[in-house]
Number of protein chains: 4
Amino acid sequence: MKKNKPKYRQIIEAAVVVIAENGYHQAQVSKIAKQACVADGTIYLYFKNKEDILISLFQEKMGTFVEIIEGKIAGKETAAEKLLMLVETHLKLLSEDLHLAIVTQLELRQSNKELRLKVNEVLKGYLNLIDKIIIEGIEKKEFGSSLDVRLARQMIFGTIDETVTSWVMNEQKYDLPALAGPVHQLLINGCGYQKA
Amino acid sequence: MKKNKPKYRQIIEAAVVVIAENGYHQAQVSKIAKQACVADGTIYLYFKNKEDILISLFQEKMGTFVEIIEGKIAGKETAAEKLLMLVETHLKLLSEDLHLAIVTQLELRQSNKELRLKVNEVLKGYLNLIDKIIIEGIEKKEFGSSLDVRLARQMIFGTIDETVTSWVMNEQKYDLPALAGPVHQLLINGCGYQKA
Amino acid sequence: MKKNKPKYRQIIEAAVVVIAENGYHQAQVSKIAKQACVADGTIYLYFKNKEDILISLFQEKMGTFVEIIEGKIAGKETAAEKLLMLVETHLKLLSEDLHLAIVTQLELRQSNKELRLKVNEVLKGYLNLIDKIIIEGIEKKEFGSSLDVRLARQMIFGTIDETVTSWVMNEQKYDLPALAGPVHQLLINGCGYQKA
Amino acid sequence: MKKNKPKYRQIIEAAVVVIAENGYHQAQVSKIAKQACVADGTIYLYFKNKEDILISLFQEKMGTFVEIIEGKIAGKETAAEKLLMLVETHLKLLSEDLHLAIVTQLELRQSNKELRLKVNEVLKGYLNLIDKIIIEGIEKKEFGSSLDVRLARQMIFGTIDETVTSWVMNEQKYDLPALAGPVHQLLINGCGYQKA
DNA sequence: TATGAATGAGTTTTCATTCAT
DNA sequence: GATGAATGAAAACTCATTCAT
């Protein structure tokens, strides 16, 4: 499996750095190769084409993302606590890796429609995680019984995403993880939260 | 003033159509010119360069957008009613103009960072409108007194934006304006809404 | 005759200024029109095309040039005196009209081969004048009897031309007309001058 | 070093041919590439841009030019003999390479001011060579003691240059190297030559 | 496996010229 | 005669991808 070879990860990490520092449209394959200390041609031994680097990058990073959050959530009892942990971890992970934050919030969105559809495919794992929390919240009567799962998920993801994007675009002037509490409050309010 | 000449609007409208139908990266100036029924060179009598078409497009459309919503809101008494009108109008206007929705939700986000910063400049007018409603809600005790205006705004804009983007990406399978009520409910809940 | 109408000269003078100040490749027809205070289209009532402006410009200026020098020479007795007057006048006229000097020495040489051939056609009047002086000098035994007229003419024109070009390119740091004496000395030496 | 790779010279030689045969303004990069039997993009592996081809071309050719003449001159004793060798070699080298003669005498002068300044930089090596001969001639009492070096150099270069240009423009109807003797005679006369 | 030299398709913008008013 | 809005052809350069070594 190519994904376990060191150069595979080397190239992915190089891509994150190059895209974050140069922008999506200035992230030429040759720059990524140089940053990864491999020849241009070597890239094509590990990836089908340039787009494949980006999709793989997103898959790898988002896969780790979902795993970490799933792990953190596992120990929590209520949906509200799980949601808090999700918001906290989401904000923490991205605020700790500015390169990744820039890439996911700004640069990767400049890709074409086709790539974005594939990125969305990857995102589904994360959205499913959110859905599960919402459904659990409804079942446990924490959230309103008439809550529309899709809309609630769009609110949750849309709010967190917009919060991170604003933070990135405003040059990280403020403490992002500190917003976890207030954002969480907005979200459970939105979900019609009732203390159990 | 060039902006009042018929060709100016003609080119803007052509750009919306061409970008929506071909995607941002396949929207060559020559395609826009052909769609607008003018010569390639004519574009440059009205716009400084290609980017200028896109910025002008966004300014024109978003300007209209904000004006219409401001007009609709004017007659409403409470912040909650104003927010409902904003959500309704936002969803309605974009669902009625699919080309525009595709351009604003998908294609324009593929532009480079510089263009996106200018787009954000234009967006500020809309975000200010949201801020005013939130502040009014807090002052009138409709919303929680501890509500963070910036976060609330990010929730409101993030949720609506994500809702429209999902609708566009899911090929408009469902009735977007019909979501105004439920979305509104989520948002005022999030804001800690108390009936006056 | 169009050449006597005021706008004809107005456009020629404007062309000299615009070319001298902006360079040959930045001397667009629209700039010349603006400098001449006429509409772009008006240019084409007086000139066939852009090249025609440049040829006419050179013809007008060079025509005047030759006439003036012919006038000045008429009173002189010897070939050596005539040559001195030619050098003096050539250097004086161009040093007094820097715009014209820049255009003839630098900018007009950037035109294409076809235009340069036509410019040479115009130059012939001036070269004939030089030839007449050389022939007179040979006949009057001032110059060597074996002097090759064509080569002598190339030396005389080449030397003066190179002298003016150097002066223009060196930002006119020195007194050009003051070089007339020494340059004349070089030239008559070259021609095998013998005091009569 | 790129300059030693075969494609570097291949492209330079192709550029000389294409410019000579099509003229400066019709010498598109794609034409040069085709003539050099390389892809358009390959040009940009060896040259920064189109202008860089022209400057390199001139540097390479003029460098060789100066070297050859320096070599030929080395064995000569008097300034007059050195000057004769310089004129002979100058006329011979250009008459033997018509493509190069067309490029240096006609086409390269159509370039913009910036390029011409760089060309002049390269020319300085040649002009210095001329200066050295003049100074030697003055010191050895071959030339007049009051001879102005700059003017003498302008006469020498201007005369040779004009001679070659006339030959090129007159479609090489006559034997250019045969003019070396007479031209040399004009020039040493001009310098106030006295047999030692 | 790894390399990196070579490829060549693809697009914005300028500006001389025209012609309806 | 005079205008100036409209035209549309034309070219340098980039960069993802390949393939001989």
Side-chain angles (χ1 to χ4, degrees), chain A residues 2 5-8 11 25-34 36-54, chain B residues 2 5-8 10-11 25-34 36-53, chain C residues 2 5-8 11 25-34 36-54, chain D residues 2 5-8 10-11 25-34 36-53:
Chain A
K2 291 193 169 174
K5 299 209 176 169
K7 293 210 172 156
Y8 178 86
I11 292 166
H25 290 293
Q26 280 307 304
Q28 292 88 349
V29 171
S30 62
K31 254 186 206 156
I32 296 174
K34 182 175 259 180
C37 298
V38 299
D40 293 20
T42 305
I43 300 258
Y44 290 87
L45 297 175
Y46 293 90
F47 299 91
K48 215 169 65 230
N49 50 35
K50 186 181 178 183
E51 192 176 77
D52 189 30
I53 307 177
L54 301 174
Chain B
K2 292 198 165 166
K5 298 201 178 170
K7 298 220 165 145
Y8 178 85
Q10 208 169 313
I11 292 166
H25 290 292
Q26 279 305 305
Q28 294 88 347
V29 171
S30 61
K31 258 187 204 154
I32 296 174
K34 184 174 262 181
C37 299
V38 299
D40 292 19
T42 306
I43 301 260
Y44 293 87
L45 297 176
Y46 294 90
F47 300 91
K48 216 169 61 231
N49 50 36
K50 188 180 176 183
E51 189 177 79
D52 190 30
I53 306 177
Chain C
K2 290 193 167 171
K5 299 209 175 168
K7 294 209 172 158
Y8 177 85
I11 292 166
H25 289 293
Q26 280 305 304
Q28 292 88 349
V29 171
S30 62
K31 253 186 207 156
I32 296 173
K34 183 175 258 181
C37 299
V38 300
D40 293 18
T42 305
I43 300 259
Y44 291 86
L45 297 175
Y46 293 90
F47 300 89
K48 214 167 67 231
N49 50 36
K50 188 181 177 182
E51 190 175 79
D52 190 29
I53 307 176
L54 300 174
Chain D
K2 291 197 165 167
K5 299 202 178 170
K7 297 220 165 147
Y8 178 85
Q10 209 169 312
I11 292 166
H25 290 293
Q26 279 306 303
Q28 292 89 347
V29 170
S30 62
K31 258 187 204 153
I32 296 174
K34 184 174 263 181
C37 297
V38 300
D40 293 20
T42 304
I43 300 261
Y44 293 89
L45 296 177
Y46 294 90
F47 300 92
K48 219 170 60 230
N49 49 36
K50 188 181 175 182
E51 190 177 78
D52 189 30
I53 307 177

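To find a chain, count down the sequence lines: A is the first, B the second, and so on, and within it residues start at 1.
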Nearest whole angstrom, please: distance from the [atom2] of [N] to the [atom1] of [X].
X      : N       : atom1 : atom2 : value
L54(A) : dA16(F) : CG    : C1'   : 12 Å
K34(B) : dT11(E) : NZ    : P     : 13 Å
F47(C) : dA2(F)  : CZ    : P     : 13 Å
K48(C) : dA16(E) : NZ    : C1'   : 14 Å
I32(C) : dC15(E) : CD1   : P     : 12 Å
N49(C) : dT18(E) : CG    : P     : 9 Å
K50(B) : dT13(E) : NZ    : P     : 8 Å
Y8(C)  : dG1(F)  : OH    : C1'   : 18 Å

Residue whose closest nucleotide on DNA chain E lies nearer the 5' end, G41(D) versus E51(C)
G41(D)
For dA20(E), the Watson-Crick or wobble counterpart (both distances under 3.5 Å)
dT3(F)
If you look at every strand shown and take non-hydrogen atoms under 4.0 Å, does K31(B) touch a base, only sugar-phosphate, or nothing?
nothing
Looking at every strand, decide which applies to V29(D) at a 4.0 Å heavy-atom threshold: base, sugar-phosphate, or nothing.
sugar-phosphate
Which distance, rounded to the nearest 0.5 Å, do you find between the CG of L45(B) and the OH of Y8(B)?
14.0 Å
Starting at CD1 of I53(D), measure out to CD of E51(D) and round the result to the nearest 0.5 Å.
10.5 Å
Sorted by position of nearest nucleotide on DNA chain F, 5' first, the leading residue of Y44(D) and V38(B) is V38(B)
Which residue, H25(D) or Q26(A), contacts DNA chain F at a nucleotide closer to its 5' end, judged by nearest heavy atom?
H25(D)
Side chain of [X] only, heavy atoms from C-beta on: which candidate in [options] is closest?
X      : options                   : value
D40(C) : dC15(F), dT17(E), dA16(F) : dT17(E)
T42(A) : dA16(F), dA6(E), dT3(E)   : dT3(E)
L45(C) : dT12(E), dA2(E), dT3(F)   : dT3(F)
Q28(A) : dA16(F), dA6(F), dT7(E)   : dA16(F)
Y46(B) : dA6(F), dT12(E), dG4(F)   : dA6(F)

Going through the distances and angles, do Q28(B) and K34(B) end up as a side-chain contact (heavy atoms from CB on, under 4.5 Å)?
CA-CA 10 Å; Q28(B) 294 88 347; K34(B) 184 174 262 181; over 6 Å; no
What are the two closest non-hydrogen atoms of K31(A) and Q26(A), and how far apart are they?
NZ-O, 2.9 Å
So, applying side-chain contact (heavy atoms from CB on, under 4.5 Å) with I32(A), which one of D40(A), I11(A), V38(A) is it?
I11(A)
So does K7(A) get a side-chain nitrogen or oxygen closer than 4.0 Å to the phosphate oxygens (OP1/OP2) of dA2(E)?
yes
